[in-house]
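Okay, so here's the structure we're looking at.
Any value given below was found using the heavy atoms of this structure, including those in side chains, with hydrogens, waters and symmetry copies removed.
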Amino acid sequence: MIETLFPNVDWEKMWEATVETLYMTGMSVAITLVLGIILGLLLFLTSPNNIWENRGIYTVTSAVVNIFRSIPFIILIVLLIPFTKVLLGTIRGANAALPALIIGAAPFYARMVEIALREVSKGVIEAAKSMGAKTSTIIWKVLLPESMPALISGITVTAIALIGFTAMAGVIGAGGLGNLAYLDGFQRGRDDVTLAATIVILIIVFIIQFIGDILTKITDKR
């Protein structure tokens, strides 16, 4: 039945492409999570009327975040080709896509982190400060735990966006399902290959969304 519907699909290649997509997504999500939280915390803490209020740092950080999250991903890949080549020695393969994926996603997630932190009750923060809590304690014991559902929801959305980014990166030789769908499917007129790759991408997206929804519910104490 499957062979009838997808006569041109090489399932071994499809599996290899799926593993590459999962690798690119997993690595970039992990690093984006860390960088995004750091940038988001910096944006939140240095903003007006906050613990580390600093107009200069906030303005510069905010500008950098806005610039990189505004550049279309396909253009960002091209702009980062020289940097990627210096860093990794090649612009092809799954690893070569990581710099663009991370630089494209981290600022996007940082804004989500900042928004999540702003939703934390100021009364809870003030109560912690009045009890002599250090900034590090407020971050680890108040800000991050209280905003955890929103942080998880944000990284879920970011992870799904990154899957789309990996598909675009595949078009210029980064590998993965996007590369397979374009080279093996579109360019050779094999619509079944493109369809199969699309179905696999959709399955990955649904799984990520399902896991994200469960974790959000578990951490939501309201």
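- From Thr166, atom OG1 reaches atom CG of Leu22 across 9.0 Å, with rounding to the nearest 0.5 Å.
- The salt bridge (charged side-chain N to carboxylate O under 4.0 Å, His left out) analysis of residues 65-88, with sequence neighbours excluded, yields no pairs.
- Evaluation of the side chain to side chain donor-acceptor pair (under 3.5 Å) test over residues 95-108, restricted to residues two or more places apart or in two chains, returns Tyr23-Asn95.
- Separating the CD1 atom in Ile38 from the CG atom in Leu41 is a distance of 8.0 Å, to the nearest 0.5 Å.
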Validation: residues 155-165 side-chain donor-acceptor distances under 3.5 Å, sequence neighbours left out:
from, atom 1, to, atom 2, distance (Å)
Thr156, OG1, Ile152, O, 2.8
Thr158, OG1, Gly154, O, 2.8

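- Nearest heavy atoms, Ser28 versus Thr32: O-OG1, 2.6 Å.
- Each of Val193, Thr18, Val200 was compared with Leu180 under the side-chain contact (heavy atoms from CB on, under 4.5 Å) criterion, and only Val193 meets it.
- Between atom CG of residue Asp220 and atom CG of residue Leu215 there is a gap of 12.5 Å, rounded to the nearest 0.5 Å.
- Listed here is the closest heavy atom pair of Met14 and Ala196: CE-CB, 3.6 Å.
- When side chains are defined from C-beta on, Phe108 does not count as touching Val65, because their heavy atoms never get closer than 4.5 Å.
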Validation: residues 137-149 side-chain donor-acceptor distances under 3.5 Å, sequence neighbours left out:
from, atom 1, to, atom 2, distance (Å)
Ser147, OG, Leu143, O, 2.7
Ser147, OG, Leu144, O, 3.4

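- A continuous path of ILVMFWY side-chain contacts below 4.5 Å connects Leu33 to Phe68, so both sit in one hydrophobic cluster.
- The two residues Leu151 and Tyr109 make their nearest non-hydrogen contact at O-OH, 3.0 Å.
- Residues Trp52 and Val120 share a hydrophobic cluster, clusters being chains of Ile/Leu/Val/Met/Phe/Trp/Tyr side chains in contact below 4.5 Å.
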Review item, side-chain donor-acceptor pairs of residues 202-211, under 3.5 Å, at least two apart:
from, atom 1, to, atom 2, distance (Å)
Gln209, NE2, Asp213, OD1, 2.9

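- To the nearest 0.5 Å, the span separating CD1 on Ile125 from CD1 on Ile51 amounts to 6.5 Å.
- Residues passing the side chain to side chain contact (heavy atoms under 4.5 Å, CB included) test with Ser47, sequence neighbours excluded: Asn50, Tyr58, Arg118.
- In this structure, Lys13 does not pair ionically with Glu16, as no charged nitrogen and carboxylate oxygen lie closer than 4.0 Å.
- Note that CE of Met168 and CZ of Phe73 are 6.0 Å apart. Values are rounded to the nearest 0.5 Å.
- Enclosure of atom CG in Asp191 is not indicated, since only 12 or fewer non-hydrogen atoms of other residues, nucleotides or ligands lie within 6.0 angstrom.
- Looking at every heavy atom in both residues, Leu87 comes nearest to Pro99 through CD2-CG, 4.0 Å.
- Note on Leu76: it clusters hydrophobically with Met27, by side-chain heavy-atom contacts below 4.5 Å among ILVMFWY residues.
- Screening Ile37, Asn54, Thr61 for a side-chain contact (heavy atoms from CB on, under 4.5 Å) with Leu42, the sole residue that qualifies is Thr61.
- Both Ile75 and Ile67 are members of a single hydrophobic cluster when ILVMFWY side chains are connected at heavy-atom separations under 4.5 Å.
- Closest of all the heavy-atom pairs between Thr198 and Thr194 is OG1-O, 2.7 Å.
- Glu126 places no side-chain N or O within 3.5 Å of a backbone atom of Lys122 that could act as its donor or acceptor partner.
- When all heavy atoms are compared, the tightest approach of Gly40 to Leu117 is O-CD1, 3.9 Å.
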Asp184 vs Arg190, side chain to side chain contact (heavy atoms under 4.5 Å, CB included): CA-CA, chis, key distance, verdict: CA-CA 7 Å; Asp184 233 34; Arg190 297 173 175 175; 4.1 Å; yes

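- Counting only N and O atoms by type, the side chains of Arg111 and Ser62 include a donor and acceptor under 3.5 Å apart.
- No single ILVMFWY cluster, assembled from side-chain heavy atoms under 4.5 Å apart, contains both Leu43 and Val34.
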